[in-house]
Amino acid sequence: TSRILPSRGAVSVCSIFIASSASRVLPAGTLAQMWTPQLSLPIDVLYFQMGLGFALGDPALNWAGPVVQHDGATSWNYSMLQLLPGSTLGVFVSGNTAAPENVAPAVAAKALSRAYTAKTGAAAPPAATLPTSEPVANDSAVAADYAGHYATANGLDSVTADADGALSWARHLGTPAAATSALTPLADGWFAVAGDESTQVQFRTIDGRRLLVSRVPWGPAITEMMSGELLPASTIPAAWAARLGTYLPVDAEPRTTSPFANPTATLADVDGVLMLQLPSEVGSGVLQPASDRQAFTFGIGPALGRGKGNVLQMTATGDSFVFLGVTYRKQA
């Protein structure tokens, strides 16, 4: 079926079924391995695990059994495939709008949930709400330890502490969506976020890495996920400070609009942190200089920091850099 969503374009929904053994493409053992978690690390504060080519688990659907899924996007569409192998049910959703990434997963989960109910008679549990806990007094010694800049999946956050130990969380620094919220410590070790009843945060150290963790209601489940990683205290080196400004691609294919060939790229000083800002699905990211000519994207996020560790290489002339195979030249 197809439905037109107001202001979002068309989203097509197609129900599918897992192939029976009589028409199997992959051996059962191969498919089972693809649908088995391949690695578990202490730092994996995630709402899913990774198999081979498939993400395993979805908080909105885990009540119905093991969930297997994979999504994907280009500059022009977004698709989501979700399966419930234990019930031989599946759904594929494709959106042909510029940014349907919040629509396709929601439509897929709702369609698969209803299909599961129709097949089994089991109804989805009610939507979850965050646990309630009494506020407690600020601890100035602990709060100071949490303060600093946090590299996130898409940019930069900052946590500040005043002399009384009160914390504030500034999100999405350097963007029009930047917002600051007070954090209230709770008796269960989490912090309430002022003005946001859908999110609570906690500070953790795992394997020596200082993390900002969020917990949110996701369908019938309460889900924890990484929001950011604490940056080491540093200043922008002089060589990189001299390169701040706007850059344009000079060797991208002009007949396409690749998500990796951005119309502009900016090296910026955001609250004393060097950042690469890109208006595309690659997104903005914190840069950690390794030398006068090399810097690496830094941080962690809900998908273990997808795109982190990419290298930005300055050219010998010093007026250009290469990132993800595209050369960008500084503009006057």
Can you tell me how far apart [atom1] ([X]) and [atom2] ([Y]) are? Round to the nearest 0.5 Å.
X	Y	atom1	atom2	result
D71	F92	CG	CZ	10.5 Å
Q82	Q69	CD	CD	4.5 Å
L276	Y247	CG	OH	10.0 Å
D162	D164	CG	CG	5.0 Å
T264	L278	OG1	CG	8.0 Å
L156	H172	CG	NE2	11.0 Å

Do any N or O atoms from the side chain of [X] and from the backbone of [Y] form a donor-acceptor pair under 3.5 angstrom?
X	Y	answer
N138	S140	no
S113	A109	no
T223	Y47	no
S168	A182	no
T184	P135	no
Q277	T175	no
Q38	T36	yes
T120	A122	yes

If we only count heavy atoms from C-beta on, is the [X] to [Y] side-chain gap below 4.5 Å?
X	Y	result
L130	P217	yes
W35	L83	yes
R171	V193	yes
V107	M80	no
M225	V216	yes
L173	V273	no
L230	Y146	no
L186	V136	no

Closest non-hydrogen atom pair between [X] and [Y], with its separation:
X	Y	answer
P85	P66	CD-O, 3.4 Å
A316	R293	N-NH2, 3.4 Å
A143	G165	CB-O, 3.3 Å
T180	A170	OG1-CB, 3.6 Å
A147	A161	CB-N, 4.2 Å
S87	A64	OG-O, 4.5 Å

Would you please name every residue forming a ring-ring contact (aromatic ring centres under 6.0 Å, His included) with Y150, sequence neighbours left out?
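With neighbours one apart ignored, the set is empty.
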[atom1]/[X]: more than 12 non-hydrogen atoms of other groups inside 6.0 Å:
X	atom1	result
Q294	CD	yes
R210	CZ	yes
K110	NZ	no
Q331	CD	yes

With side chain to side chain contact (heavy atoms under 4.5 Å, CB included) as the criterion, how do L56 and V68 come out once you've worked through the C-alpha distance, each side chain's angles and the decisive distance to 0.1 Å?
CA-CA 5 Å; L56 311 172; V68 176; 4.1 Å; yes
List the steps, then state whether side chain to side chain contact (heavy atoms under 4.5 Å, CB included) holds for L248 with R329.
CA-CA 5 Å; L248 297 180; R329 181 174 297 140; over 6 Å; no
Going hydrophobic residue to hydrophobic residue with side-chain gaps under 4.5 angstrom, can you get from [X] over to [Y]?
X	Y	result
M314	I236	yes
M226	W169	no
V142	V159	yes
W190	I222	no
V311	L324	no

For D196 and S181, run side chain to side chain contact (heavy atoms under 4.5 Å, CB included): C-alpha distance rounded to whole Å, both residues' side-chain angles, the deciding distance at 0.1 Å, then the answer.
CA-CA 8 Å; D196 185 356; S181 304; 5.7 Å; no
Is it the case that S214 and T199 place a side-chain donor and acceptor less than 3.5 Å from each other?
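Side chains of S214 and T199: no pair found under 3.5 Å.
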Going by the rule salt bridge (charged side-chain N to carboxylate O under 4.0 Å, His left out), which residues pair with R204 if we only count those two or more places apart in sequence or in a different chain?
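By the salt bridge (charged side-chain N to carboxylate O under 4.0 Å, His left out) rule, R204 matches E224.
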Audit row: W240, F321, ring-ring contact (aromatic ring centres under 6.0 Å, His included) steps and yes/no
CA-CA 12 Å; W240 289 93; F321 66 78; 8.4 Å; no
Hey, what's the ring geometry for H70 with F54, parallel, tilted or perpendicular (30° and 60° as the breaks)?
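Because their plane-to-plane angle is over 60°, the rings of H70 and F54 count as perpendicular.
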Carefully, step by step, assess D145 and F203 under the rule side chain to side chain contact (heavy atoms under 4.5 Å, CB included).
CA-CA 10 Å; D145 196 40; F203 301 89; over 6 Å; no
Just to verify, which of L287, N310, L274, L231 counts as forming a side-chain contact (heavy atoms from CB on, under 4.5 Å) with F298?
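Checked L287, N310, L274, L231 against F298; only one passes side-chain contact (heavy atoms from CB on, under 4.5 Å): L231.
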